[in-house]
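As the structure lists them, so they are numbered: ligands from 1, and atoms in each ligand from 1.
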Amino acid sequence: MTQSVAIVTGAAGDIGAAIAGRLSDDHDVILLADIDAGAAAATAGRLGPTDRFIAVECDVTSETSCAALAGRAAELGSLRTLVNNAGAARAVSLHDTTPEIWRADNALNLEAAFLCFRAVADQLKMSRGSVVNIASVNGMNVFGHPAYSAAKAGLLHFTRLVAVEYGKFGIRSNAVAPGTVKTQAWETRAAANPNVFEDARRWYPLQRVVDPKDVANAVAFLAGPQAAAITGICLPVDCGLTAGQAELARTFSQSEHY
Ligand SMILES: NC(=O)c1ccc[n+]([C@@H]2O[C@H](COP(=O)([O-])OP(=O)(O)OC[C@H]3O[C@@H](n4cnc5c(N)ncnc54)[C@H](O)[C@@H]3O)[C@@H](O)[C@H]2O)c1
């Protein structure tokens, strides 16, 4: 029988690794695509057997690299799920954003999702598969990291573009927008302020930050049959951040109930 395959980009990172692990519940093979081949191999080895978790060196900003990744998926079976998860932010303010940073952040956080999708679109048509894009609350509101934010906002629109144009092939396209997730991407900020997660916590209605597993569960839901009628949406996995801020509600209402 044909094996079902999922691709997770940026899978050597904590969120990507959690998604890869979770998708293995209902996919036979997971391709862990990452620019850091050694880290991807280590993650794949940690997750399980080498015939189910396969590390692939891939630069998602390169068309050639995305084509090679697509070829690898086709060899292995029927590609059912593409998760565009690779992403990073390079500058914290517009003041610090050079044209190079602007282009690099857009290439990685927006254009790469387009390149990966294009490379596998025919395979997804055959499987009536789905795409899940890992966006961010930064694509919905302003929380710093401007070039990254603009790219993530573009990624949310790209999600809808795929949903509308490829829906006739049975392809679904959805996004997940995580709030703060404690991963290696926060290393520099945690070094500058060891209390950064404690400080962030107070802005979250659930009074905690997001765990990589929370993101992985949302991805598995959107990629799975229970979301068969859901396409073109953005699901915030943000412990309530985009719903509102209790501190502000307390100030505005002067009520102790917030
Ligand atoms: N950590 C958070 O607080 C947070 C919040 C919202 C959204 N996100 C998003 O979640 C996703 C994963 O974030 P993370 O915190 O796990 O990041 P991370 O830095 O821990 O992992 C990102 C991975 O992407 C890989 N990568 C970088 N450039 C690549 C390229 N050109 N080609 C292929 N792989 C590449 C890196 O090697 C790394 O393994 C990103 O899209 C990020 O924007 C993260």
Among all protein non-hydrogen atoms, which one is nearest to atom 24 (O) of ligand 1, and what is the separation to 0.1 Å?
G10 CA, 3.4 Å

Could you tell me which non-hydrogen atom of N138 sits nearest to which non-hydrogen atom of S149, and how far apart they are?
O-CB, 3.2 Å

Looking only at non-hydrogen atoms, find the nearest pair between G16 and N85 and report the distance.
CA-ND2, 3.4 Å

In ligand 1, which numbered atoms sit nearer than 4.0 Å to a non-hydrogen atom of L108?
28 (N), 29 (C), 30 (C), 31 (N)

Should you measure from each heavy atom of N85, which atoms of ligand 1 turn up under 4.0 Å away?
10 (O), 11 (C), 12 (C), 40 (C), 41 (O)

Does G13 reach ligand 1 with a nitrogen or oxygen that is under 3.5 Å from one of the ligand's nitrogen or oxygen atoms?
yes

For atom 17 (O) of ligand 1, the closest protein heavy atom turns out to be A185 CB, 3.8 Å

Under 4.0 Å to a heavy atom of D59 - the qualifying atoms of ligand 1, by number
30 (C), 31 (N), 32 (N)

Distance to 0.1 Å, residue and atom name: give those for the protein heavy atom nearest to atom 13 (O) of ligand 1.
I15 CD1, 3.7 Å

What atoms of ligand 1 come closer than 4.0 angstrom to any heavy atom of C58?
32 (N), 33 (C)

Could you check whether any heavy atom of A177 sits closer than 4.0 Å to an atom of ligand 1, since that is the contact criterion I want to use?
no

Polar contact flag for W186 and ligand 1 (N/O pairs, less than 3.5 Å):
yes

Check each atom of ligand 1 against the heavy atoms of T180 and keep those under 4.0 Å away; list them by number with element.
3 (O)

Looking at G179, which atoms of ligand 1 are within less than 4.0 Å of one of its heavy atoms?
3 (O), 5 (C), 6 (C)

For atom 14 (P) of ligand 1, which protein heavy atom lies nearest, and how many Å away is it?
T183 OG1, 3.7 Å

Give me the nearest non-hydrogen protein atom to atom 8 (N) of ligand 1 as residue plus atom name, then the distance to 0.1 Å.
Y148 OH, 3.7 Å

Taking only heavy atoms of I134, which atoms of ligand 1 are found under 4.0 Å from at least one of them?
9 (C), 10 (O), 11 (C), 41 (O)

Backbone or side chain, does any N or O of K152 fall under 3.5 Å from an N or O of ligand 1?
yes

In terms of atom number and element, which parts of ligand 1 are under 4.0 angstrom from non-hydrogen atoms of D14?
16 (O), 20 (O)

When distances are taken from atom 39 (O) of ligand 1, the protein heavy atom at minimum range is D34 OD2, 2.7 Å

Min N/O separation I35 to ligand 1 under 3.5 Å:
yes

What closest approach, in Å, do T159 and I233 show between heavy atoms, and which atom pair accounts for it?
CG2-O, 4.0 Å

Common cluster, Y148/V137, ILVMFWY with side-chain heavy-atom separation under 4.5 Å
no

Does the N or O separation between A33 and ligand 1 drop below 3.5 Å for any pair?
no

Residue and atom name of the nearest protein heavy atom (relative to atom 6 (C) of ligand 1), distance in Å to one decimal:
P178 O, 3.3 Å

Shortest reach to atom 22 (C) of ligand 1 by a heavy atom, considering only A40, G87, S62, A18
G87

